[in-house]
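Not measured: the values here are computed from a predicted model.
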Amino acid sequence: MTTQETIVSNLADVPRSNGGGVETFVLNVGPQHPATHGVLRVKMTMDGEYVLRAEPVCGYIHRMHEKMGENRTYAQFLPNTSRIDYLSAMTYTHAWAGVVERAAKIQPPPRAEYVRVITSELNRISSHLVWWGAFLLDLGGFTPLLYAFDDREMILDLLERITGARLTYCYYRIGGLYNDVDEEFIEGTRKFVHHMRPRLKMYRELVTENIIFRKRLIDIGPISQEMCRKYGATGPVIRGSGIPYDVRKAEPYSAYPEFDFEIPHFREGDSMARYLVRMEEMAQSLRIIEQALDKLPSGPVMAEKVPRVLKLPAGDYCYAVEAARGRFMVRIVSDNKEIAYRAKLRTPCLSNLSLFEEASQGMLLPDALALMGSLDLVIPDIDR
Amino acid sequence: MLKLLSTEPVRLLAFLVGIMAFVGLNAAYLVWVERKGAGRFQRRPGPTEVGYAGLLQPIADAIKLLSKQLIVPQGVDAALFRVAPLLMMAPALMSLAVIPFGPSLAARNINVGLLLIFALGSINVMAIMLGGWSSRNKYAIMSAARVVSQNVAYEIPTLLVVITMIMITGTMNLNEIVRQQAGAFWHWNVFRVWVNPLMPVTFLIFFICMLAETNRAPFDMAEAESELVAGAYTEYSSMGFGVFFMAEYANILLGCSLATVLFLGGWQSPFGILPGVLWFLIKMYFLVFAVVWVRWTFPRTQFYGLLNLSWKLLIPVSLFTLILSSAIMKLY
Amino acid sequence: MRNAVKEVVSGFYSLIVGMRVTIGQFFKPIVTVQYPHETLKIAPRFRGHIELVLDPATGKPKCFACKLCERACPSDCITVEGAKLEGAKKRSVTAYHLDFTKCSLCGSCVEACRDGAIRFSRDYNLAGWSKEDFIMDLFKRLELEAQAASPEKVDGRAVPGLIAAQDAAHQDKTKTDLK
Ligand code: SF4
Ligand code: SF4
């Protein structure tokens with residue numbers, strides 16, 4: 001099967017393709033298309049409604065975050081991390097703060113670690129809620145989005161209370177937190193946990209068990225374990241293929257070893273499995289939050305003696321976190337300066353997207369878009 | 001003077017104007033109902049700004065659409081492109097002429113009313129197909145192809161259901177069908193289980209088919225905004241789009257009216273209070289609300305799911321009801 | 001056959017359940033806030049653009065142009081100029097520009113300032129016609145604010161009332177001028 005290299009702008013110009021003798025055409029999905037949720041462009045070679053080849057074209061929102069990390073101080077780069085994957089800003093900041101702490105041998109106080117876990121998990125839920133709504137939007141259901149946003153609003157209110165921002169929190173600092181949490185936040189979070197459990201049940205009734213929805217996901221877009229390994233897929237994608245890989249368990253960081261939670265994984269590998277992984281993960285996050293609130297130690301939230309001018313000893317440092325979409329890893333190569341020599345950001349969405357081309361081969365267009373939705377792509381995270 | 005007013009041409013003219021006004025108003029205000037309904041289903045108020053509770057919103061929208069330029073993109077088949085929206089609107093308007101809104105409130109009380117509606121109803125799909133085809137847009141063409149197979153698939157169960165109804169009532173005259181459902185509400189066709197125990201199922205099939213034929217969610221393959229942007233309407237702007245949009249609602253109106261007439265006893269009132277026209281409207285708008293309700297609850301079906309539903313479920317079941325009711329009629 | 005029937009029935013049931021959920025929501029009160037008509041209370045730690053803080057002792061800005069904030073800012077949006085006025089022990093600020101178009105509201109500047117001379121304002125109705133509207137002269141802004149609060153006392157006398165007024169404005173930006 002040959003593919004057209006040029007984008008054919010109208011159907012009449014499409015030549016009969018050689019080889020199989022099918023008439024193909026190129027469909028440009030994106031960069032402004034309702035299904036791509038951002039400026040992702042997928043060049044699809046189609047045979048009628050069948051996708052012969054889907055070639056993602058990225059770079060529309062490339063902002064050179066890695067390069068920025070190499071020309072500003074460690075503390076100055078911190079706000080950038082919220083902008084890579086704006087939906088799980090907390091976890092991304094965590095990775096950057098974590099790598100610097102690991103390199104500079106700063107130990108954040110336990111209260112800070114606990115609050116980090118709580119806010120990260122809240123952030124994970126809010127991120128999954130956005131995905132849930134947007135995914136349903138891809139499938140043509142509009143109402144769930146609004147319900148999800150209703151719940152997400154509660155999380156945003158809570159996080160705004162302590163951080164002052166609703167999306168790009170920039171709440172963690174190297175060595176701790178920007179601010180301590182107050183009683184009202186703790187109470188509010190408890191209330192949220194109680195509010196969220198019945199809502200998850202309602203989500204199940206409204207969507208998960210819906211026959212139309214199930215028919216659209218079950219056995220659609222299978223991703224094998226080999227494919228996951230080949231492309232380095234992580235997060236709910238790999239867990240949906242039956243590999244219980246989660247950074248929180250595989251390379252425990254922060255206060256995660258102290259909590260009891262499970263890594264939901266499903267063997268089917270289809271879109272439904274990925275969907276269920278995320279739904280289950282929300283429940284697990286609630287569990288973690290509840291435990292962390294119960295065990296929340298008191299004390300300071302900022303490590304003592306964080307030098308104002310931070311120079312990392314020369315070396316090569318890594319820190320990975322489990323972001324909402326998979327493994328986010330920061331690698332810093334330092335040459336004993338105030339500024340990193342190299343800052344590498346390993347983002348989950350790029351790997352998860354790269355398997356789309358192989359996985360979507362031969363699918364129908366709506367199924368391919370459902371598959372894309374189930375990968376939960378955040379475009380700035382791909383391009384960063 | 002009075003004599004002139006009661007002549008046939010004047011009566012027809014009055015009905016013509018009446019139906020057009022009815023459809024126009026309804027199409028505009030069904031959009032409002034849809035938006036308000038969607039709002040309430042999603043725990044938000046819907047339109048509120050223009051007029052009380054946003055009641056003037058449809059008018060504002062209409063003015064906006066009218067004042068926009070009607071863009072005919074380069075390379076489209078201009079004639080077909082322009083005629084397609086009208087082709088979609090006209091059949092819906094014409095079909096409403098035979099709907100009996102009240103005991104004596106029908107523009108034309110003809111004996112083959114039902115046949116007329118289905119004859120005209122098939123033009124509908126042509127309109128979307130032409131619109132999509134002439135737009136010369138890939139999304140639109142895909143949408144056109146979908147619409148054709150969808151409508152072919154759903155016309156069959158609809159017609160099977162209608163044949164069942166014709167067999168049971170023995171007439172194609174809509175007014176006559178309503179008249180037969182006189183009395184308490186268990187005389188409505190949908191509840192007449194002694195004629196055919198599967199009557200409610202038949203009604204359900206008719207309702208589902210109506211959703212599919214009017215391209216409403218969850219069967220909105222033609223528009224499918226997350227896949228095909230706006231499907232067949234992608235290239236339409238201004239009133240070209242507006243007419244398509246209105247025609248969609250006019251078709252819903254027609255479908256719900258027909259369902260009311262065939263199954264819910266038309267203008268027959270269950271309690272005897274309130275005039276018949278009102279009862280007709282109440283029943284019809286309840287169905288319209290159900291249509292809105294369905295739309296804002298379910299995700300879109302997949303295309304083959306839709307065809308599977310029709311060929312593997314609806315057609316066999318409707319065929320079965322047809323045979324069953326003929327058997328019952330033969331036996332008793 | 002049996003499975004098929006079961007699937008149809010359970011599928012249909014799932015649709016009914018879904019419809020029940022949405023109709024349940026239909027009759028519940030709405031949850032949205034009608035923004036220009038209603039506003040929410042701003043969170044206590046709301047991060048708006050930065051503003052200068054007045055010193056209650058002198059009625060002048062606390063800032064003494066040490067430029068720590070300028071250096072801390074990752075986006076280079078702060079320009080501070082200061083001069084040593086006659087008779088003063090410390091330098092004082094003469095111009096403070098914030099290029100809000102570049103600001104990422106990270107708060108590094110507020111943290112860097114050791115004297116609490118800047119803080120987050122509570123302005124959020126920020127709309128303008130040009131990019132230049134957002135290159136803010138915070139020093140001027142402070143003066144204007146002070147003027148608005150007590151026109152007769154701009155010359156810098158210690159005015160607790162003025163500070164109270166400024167604080168009130170700081171607290172109460174939740175009430176917007178929009179009706
Ligand atoms: S908030 Fe951050 S970006 Fe904005 S002026 Fe302060 S330091 Fe600079
Ligand atoms: S605001 Fe604070 S840090 Fe910035 S120049 Fe003034 S005193 Fe220094």
J.: Got a salt bridge between Lys215(A) and Glu7(C), using NZ or NE/NH1/NH2 to carboxylate O under 4.0 Å?
T.: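 The answer is yes: the pair qualifies as a salt bridge.
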J.: Would you give the length of the straight line joining atom SG of Cys73(C) to atom CD of Gln76(A), rounded to the nearest 0.5 angstrom?
T.: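 Between atom SG of Cys73(C) and atom CD of Gln76(A) there are 7.5 Å.
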J.: Once rounded to the nearest 0.5 Å, what's the spacing between atom CE of Met68(A) and atom OG of Ser75(C)?
T.: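 One gets 9.0 Å once the value is rounded to the nearest 0.5 Å.
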J.: Can you see which heavy atom on Val17(C) is nearest to which on Glu205(A), and at what distance?
T.: CG1-CB, 3.7 Å
J.: Count the heavy atoms of every other residue, nucleotide or ligand shown that sit under 6.0 Å from NZ of Lys344(A), and state whether that count exceeds 12.
T.: yes
J.: Would you call Arg214(A) and Ser14(C) a side-chain contact if the rule is heavy atoms closer than 4.5 Å?
T.: no
J.: Are any non-hydrogen side-chain atoms of Leu105(C) and Thr168(A) less than 4.5 angstrom apart?
T.: no
J.: Give the member of Phe77(A), Phe213(A), Tyr147(A) that has the highest number of heavy-atom pairs under 4.5 Å with chain C.
T.: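 Looking at each option in turn, the highest pair count goes to Tyr147(A).
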J.: Would you compute the distance between atom CG of Asp150(A) and atom CD of Gln25(C) and round it to the nearest 0.5 angstrom?
T.: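 The CG atom of Asp150(A) sits 8.0 Å away from the CD atom of Gln25(C).
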J.: Can you tell me how far OG1 of Thr143(A) sits from CZ of Phe26(C), rounded to the nearest 0.5 angstrom?
T.: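 Answer for the CZ-OG1 pair, Phe26(C) versus Thr143(A), is 11.5 Å.
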J.: Can you establish whether the number of heavy atoms outside Glu38(C) located under 6.0 Å from its atom CD is more than 12?
T.: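 Atom CD in Glu38(C) is crowded, with more than 12 foreign heavy atoms closer than 6.0 Å.
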J.: Checking heavy atoms, do the side chain of Ile162(A), its backbone, both or neither come under 4.5 Å from chain C?
T.: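 For Ile162(A), heavy atoms of backbone and side chain both lie under 4.5 Å from chain C.
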J.: Minimum heavy-atom separation for Pro74(C) and Pro79(A), please, with both atom names.
T.: CG-CG, 4.1 Å
J.: Would you mind reporting whether Glu209(A) and Ser10(C) have side-chain heavy atoms less than 4.5 Å apart?
T.: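 No, their side chains stay 4.5 Å or more apart.
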J.: Check whether Tyr169(A) forms a cation-pi arrangement with Arg45(C) (NZ or CZ under 6.0 Å from the six-membered ring centre, at most 45° off the ring normal).
T.: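 That pair does not qualify as a cation-pi contact.
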J.: What part of Arg161(A) gets within 4.5 angstrom of chain C, counting heavy atoms only: side chain, backbone, both, or neither?
T.: both
J.: So what's closer than 4.5 Å to chain C heavy atoms on Arg166(A): side chain, backbone, both or neither?
T.: neither
J.: Counting only non-hydrogen atoms closer than 4.5 Å, does Thr22(C) touch chain A with its backbone (N, CA, C, O), its side chain (CB onward), both, or neither?
T.: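 Contact with chain A: backbone and side chain both.
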J.: Heavy-atom distances under 4.5 Å only: say whether Tyr178(A) touches chain C with side chain, backbone, both or neither.
T.: side chain
J.: Output the option from Asn80(A), Ile211(A), Val207(A), Ile212(A) having the highest count of non-hydrogen pairs under 4.5 Å with chain C.
T.: Ile211(A)
J.: So, taking the atom named CG in Asp157(A) and the one named NZ in Lys41(C), what distance separates them when rounded to the nearest 0.5 Å?
T.: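 Separation between the atoms: 13.5 Å.
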